[in-house]
Asker: 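Please find one structure pasted underneath; my questions will follow.
One is the number of the first residue; the rest follow in order along the sequence.
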Amino acid sequence: GREVAEGISKSLAKKAVAMALDGQLADLSDPIENDARIEIVTRDDPRSLELIRHDAAHVMAEAVQELYPGTQVTIGPVIENGFYYDFFRNQPFTTEDLPAIEKKMREIIQRNAPFTKEVWSRDEARSVFEKKGEAFKVELVDAIPADQDLKIYRQGEWFDLCRGPHMTSTGQIGTAFKLMKVAGAYWRGDSNNPMLTRIYGTAWHSQQELDSYLHMLEEAEKRDHRRLGREMDLFHFQEEGPGVVFWHGNGWTLFQTLTAYMRRRLAGTYNEVNAPQLLDKSLWETSGHWETFRENMFAARPAGDDIDDNERTYAIKPMNCPGHVQIFKHGLKSYRDLPLRLAEFGAVHRYEPSGALHGLMRVRGFTQDDAHVFCTEEQIAAECLRINELILSVYADFGFEEFVVKLSTRPEKRVGSDAAWDHAEAVMTRVLKQIEEQSGGRIRTGINPGEGAFYGPKFEYTLRDAIGRDWQCGTTQVDFNLPERFGAFYVDSDGEKKTPVMIHRAICGSMERFLGILIENYAGHFPLWFAPRQVVVATITSDADDYAKRVHAELIRAGLRAELDLRNEKINYKVREHSLGKVPAILVCGKREAEEGTVNIRRLGDRNQSSM
């Protein structure tokens with residue numbers, strides 16, 4: 001690769017850090033043994049970011065072993081936005097150790113030692129790591145399949161077992177990195193194994209990118225929906241209900257406001273239905289969930305000893321689709337009834353490991369704004385376009401302006417004929433092109449090859465929030481499988497029974513998660529129409545109590561969510577408290593306002609006051 005770069009130009013060879021062979025990153029020093037599409041990768045190429053982070057992980061490991069002899073290194077992968085490395089040491093690392101490690105990393109980078117690759121025999125690798133006291137590396141050597149090369153990467157005197165690739169020297173990492181935090185982690189993720197210390201870091205092309213990322217983290221901490229949930233008295237979690245939300249009055253108002261908004265958007269085009277929470281496991285066996293999804297489901301049996309059907313097993317529904325097929329099947333359907341659109345704000349429960357639970361973003365009990373469209377194959381395109389317009393319109397109403405829509409195509413393991421897949425993917429590819437063209441470039445599109453559901457291709461909608469984070473929310477999934485498994489059919493114009501296509505559609509996805517995203521996107525400063533508490537009428541003195549009650553009654557009659565604060569507290573205290581609770585408008589009433597028939601308006605985030 002280096003020779004190819006030099007053959008093009010000396011300046012390119014000087015800037016080159018790696019190459020890509022048929023799209024796969026490789027060391028610049030690797031021989032090119034077969035015909036391939038060759039790209040020379042420079043440090044400012046977006047693909048080099050993964051290499052910068054990978055190299056930084058190796059440098060961090062070297063720095064740790066220089067500073068703390070006897071520490072064993074285990075594994076150190078690149079992750080989203082950074083990297084980590086797991087270490088075994090009798091005395092675990094703390095955040096107080098990070099500045100010294102960072103300083104040593106900068107020294108190592110300054111040395112600009114070249115990365116070189118060697119291929120060792122298994123016996124040699126075992127012997128070397130055993131002599132170094134690296135028991136975890138010996139275990140990794142033994143785990144590498146016999147048909148794979150055992151690669152060692154050196155940077156100066158220090159070396160590590162690694163698949164690669166790497167850049168050409170440590171100096172190319174640059175200085176735009178930072179060690180972020182430490183955490184505990186079991187070796188191989190097994191609690192029976194030794195506890196390791198995991199050190200996380202982040203690395204970027206430039207200091208400006210690093211600063212932007214750190215600023216985003218700072219903003220994200222301020223906007224954390226769990227903290228705002230406490231400040232605004234929206235919800236809480238507790239041990240007796242792990243992963244399920246205890247909604248307080250303000251939070252439930254927010255939830256119901258979102259639900260009411262979605263109902264208004266569906267009016268006239270969808271039939272809202274409701275399927276049972278508890279169904280016999282036989283239904284989930286027919287749908288295929290009992291076989292493929294059972295570890296994520298909650299099962300139940302009657303608790304009494306003398307109940308007739310206490311041998312039956314029931315499941316709390318993890319999704320709404322099988323119930324909607326039952327509703328479709330109830331009564332004969334004609335092609336004239338299609339497309340039939342069924343919507344449900346359905347409460348579902350799925351088992352998530354306790355370590356994965358994260359506020360509203362990852363829960364065990366949540367509500368889906370779910371819908372299923374039963375249609376003919378000829379109607380797929382029109383329905384997908386209709387759904388797309390609805391999804392993008394909803395996101396725009398909440399202030400989201402940047403979207404990515406990706407089409408996930410057929411996976412290796414799937415159901416349905418190739419002809420049906422060909423038709424569905426062709427239709428959805430045309431729809432995707434229309435989405436991009438109609439947006440005038442505002443919406444980015446892409447393909448996720450092989451990432452479709454086993455029952456059909458799907459669109460995935462990702463939106464970007466106010467501080468640049470991406471959230472995957474809406475989906476549109478074409479399903480040939482479920483209606484057929486349940487024997488659903490409609491009578492076509494020729495009098496024959498036909499199996500309908502079922503399109504699964506979600507906009508918010510999980511209503512709880514979408515609310516978490518909204519809380520963080522707005523930092524709790526909701527637009528007036530959406531805020532759980534829209535107005536507080538607060539008095540300066542008790543002389544204005546009767547007048548404040550009249551103002552409050554007028555606001556309630558006008559349909560506003562208004563509260564009355566007549567407490568014997570100073571007005572500044574009241575204003576501070578309600579501002580912390582993110583109330584959009586505070587109407588202050590004193591003796592003068594009562595005499596004049598006015599109110600003093602204080603808008604959240606605005607220091608100016610106005611009289612009305």
Asker: Should E460 and K406 count as an ion pair when the cut-off is N to O under 4.0 Å?
Answerer: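 Salt bridge flag = no for K406 with E460.
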
Asker: I'd like to know if E352 and R362 make a salt bridge, using a cut-off of under 4.0 Å between side-chain N and carboxylate O.
Answerer: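 A salt bridge is present here (some side-chain N lies under 4.0 Å from a carboxylate O).
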
Asker: In this structure, which one of F403, Y522, Y261 forms a ring-ring contact (aromatic ring centres under 6.0 Å, His included) with F398?
Answerer: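 Among F403, Y522, Y261, the one meeting ring-ring contact (aromatic ring centres under 6.0 Å, His included) with F398 is Y261.
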
Asker: Is there a side-chain contact between L407 and N448 (heavy atoms, below 4.5 Å)?
Answerer: no

Asker: Do R350 and F298 pass the side chain to side chain contact (heavy atoms under 4.5 Å, CB included) test, and can you show the C-alpha distance, the side-chain angles, and the key distance before you say yes or no?
Answerer: CA-CA 7 Å; R350 299 177 188 175; F298 289 95; 5.6 Å; no

Asker: Rounded to the nearest 0.5 Å, what separates atom CE in M502 from atom SG in C375?
Answerer: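 Rounded to the nearest 0.5 Å, the CE-SG separation comes out at 11.0 Å.
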
Asker: Looking at Y186, I'd like to know if the NZ or CZ of R188 sits under 6.0 Å from its six-membered ring centre while staying within 45 degrees of the ring's axis.
Answerer: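 Checked: cation-pi criterion not met.
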
Asker: When you measure from the centre of the six-membered ring of Y200, is the NZ or CZ of K181 closer than 6.0 Å and no more than 45° off the axis?
Answerer: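 Because its charged atom sits under 6.0 Å from the ring centre and within 45° of the axis, K181 does stack over Y200.
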
Asker: Kindly check if the number of other-residue, nucleotide or ligand heavy atoms within 6.0 Å of CD (Q24) is above 12?
Answerer: no

Asker: Roughly how far, to the nearest 0.5 Å, is CD of Q326 from OG of S287?
Answerer: 9.5 Å

Asker: Considering non-hydrogen atoms only, spot the tightest contact between F87 and V73 and give its length.
Answerer: CE2-CG1, 3.5 Å

Asker: What are the two closest non-hydrogen atoms of A275 and G323, and how far apart are they?
Answerer: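 Looks like CB-CA, 3.9 Å.
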
Asker: Just to verify, which of T462, V394, L463 counts as forming a side-chain contact (heavy atoms from CB on, under 4.5 Å) with C473?
Answerer: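 Between C473 and the candidates, side-chain contact (heavy atoms from CB on, under 4.5 Å) is satisfied uniquely by L463.
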
Asker: Could you point out which residue of R469, R513, R223 forms a salt bridge (charged side-chain N to carboxylate O under 4.0 Å, His left out) with E520?
Answerer: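 Of R469, R513, R223, salt bridge (charged side-chain N to carboxylate O under 4.0 Å, His left out) with E520 is met by R469 alone.
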
Asker: Start with the C-alpha distance between E383 and R505, add both sets of side-chain angles, then the distance that settles salt bridge (charged side-chain N to carboxylate O under 4.0 Å, His left out), and finish with yes or no.
Answerer: CA-CA 10 Å; E383 287 306 306; R505 187 280 284 143; over 6 Å; no

Asker: Where is the tightest heavy-atom contact between E451 and K458, given as atom of each residue plus distance?
Answerer: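 Scanning both residues, the minimum pair turns out to be O-CE, 3.6 Å.
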
Asker: Between atom CG of L210 and atom OG1 of T202, what is the distance when rounded to the nearest 0.5 Å?
Answerer: 6.5 Å

Asker: Do the side chains of V78 and L51 get nearer than 4.5 Å, heavy atoms only?
Answerer: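 In short, these two side chains do not touch, never coming nearer than 4.5 Å.
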
Asker: What pairs with R47 under side-chain contact (heavy atoms from CB on, under 4.5 Å), at least two apart in sequence or on another chain?
Answerer: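 By the side-chain contact (heavy atoms from CB on, under 4.5 Å) rule, R47 matches A20, L25, E39, V41, D45.
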
Asker: For residues I467 and M216, report the shortest heavy-atom separation together with the two atoms involved.
Answerer: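 Reported closest heavy-atom pair: O-CG, 3.2 Å.
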
Asker: To the nearest 0.5 angstrom, please state how far the CZ atom of F83 sits from the CD1 atom of I199.
Answerer: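 Rounded to the nearest 0.5 Å, the CZ-CD1 separation comes to 9.5 Å.
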
Asker: Is there a side-chain contact between T269 and R386, using heavy atoms and a 4.5 Å cut-off?
Answerer: yes

Asker: Looking only at heavy atoms, which two atoms of Y314 and P302 are closest? And how far apart?
Answerer: CE1-CD, 4.0 Å

Asker: Flag this pair as yes if the NZ/CZ of R198 is under 6.0 angstrom from the six-membered ring centre of Y84 and inside a 45 degree cone about the axis; otherwise no.
Answerer: yes

Asker: A side-chain contact here means heavy atoms from C-beta on lying under 4.5 Å apart; do I52 and F177 qualify?
Answerer: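 No. Closest side-chain heavy atoms not under 4.5 Å.
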
Asker: Do W471 and D465 pair up side chain to side chain, a donor and an acceptor below 3.5 Å, judged on atom types alone?
Answerer: yes

Asker: Looking only at non-hydrogen atoms, find the nearest pair between R265 and D397 and report the distance.
Answerer: NH1-OD2, 3.3 Å

Asker: Hey, what's the ring geometry for W204 with Y213, parallel, tilted or perpendicular (30° and 60° as the breaks)?
Answerer: tilted

Asker: Among all residues two or more places apart in sequence or in another chain, which pass the side-chain contact (heavy atoms from CB on, under 4.5 Å) test with D211?
Answerer: Q207

Asker: Kindly indicate whether the side chain of L604, heavy atoms from C-beta on, has any atom under 4.5 Å from the side chain of K582.
Answerer: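 Touching, per the 4.5 Å side-chain cut-off.
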
Asker: Would you say M262 and F345 make side-chain contact, with heavy atoms under 4.5 Å?
Answerer: yes

Asker: Supply the atom-to-atom distance R263 CZ to Y270 OH, rounded to the nearest 0.5 angstrom.
Answerer: 15.0 Å

Asker: For E425 and T409: C-alpha separation, side-chain torsions, deciding distance, then whether side chain to side chain donor-acceptor pair (under 3.5 Å) applies.
Answerer: CA-CA 7 Å; E425 287 181 354; T409 57; 4.6 Å; no

Asker: For a 4.5 angstrom cut-off between non-hydrogen side-chain atoms, does F454 reach K413?
Answerer: no

Asker: Applying side-chain contact (heavy atoms from CB on, under 4.5 Å), can you list everything that pairs with E401, at least two apart in sequence or on another chain?
Answerer: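 For E401 there are no side-chain contact (heavy atoms from CB on, under 4.5 Å) partners, ignoring immediate neighbours.
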
Asker: H504 and ring-ring contact (aromatic ring centres under 6.0 Å, His included): which partner among Y455, F480, F459?
Answerer: Y455

Asker: Flag the pair N388 / T476 as yes when at least one side-chain heavy-atom distance between them is below 4.5 Å, and no otherwise.
Answerer: no

Asker: Can you tell me if T445 and E436 form a side-chain donor-acceptor pair at under 3.5 Å?
Answerer: yes

Asker: Using 0.5 Å steps for rounding, measure from the CZ atom of R226 to the CG atom of L234.
Answerer: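 Taking CZ in R226 and CG in L234, the distance rounds to 14.0 Å.
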
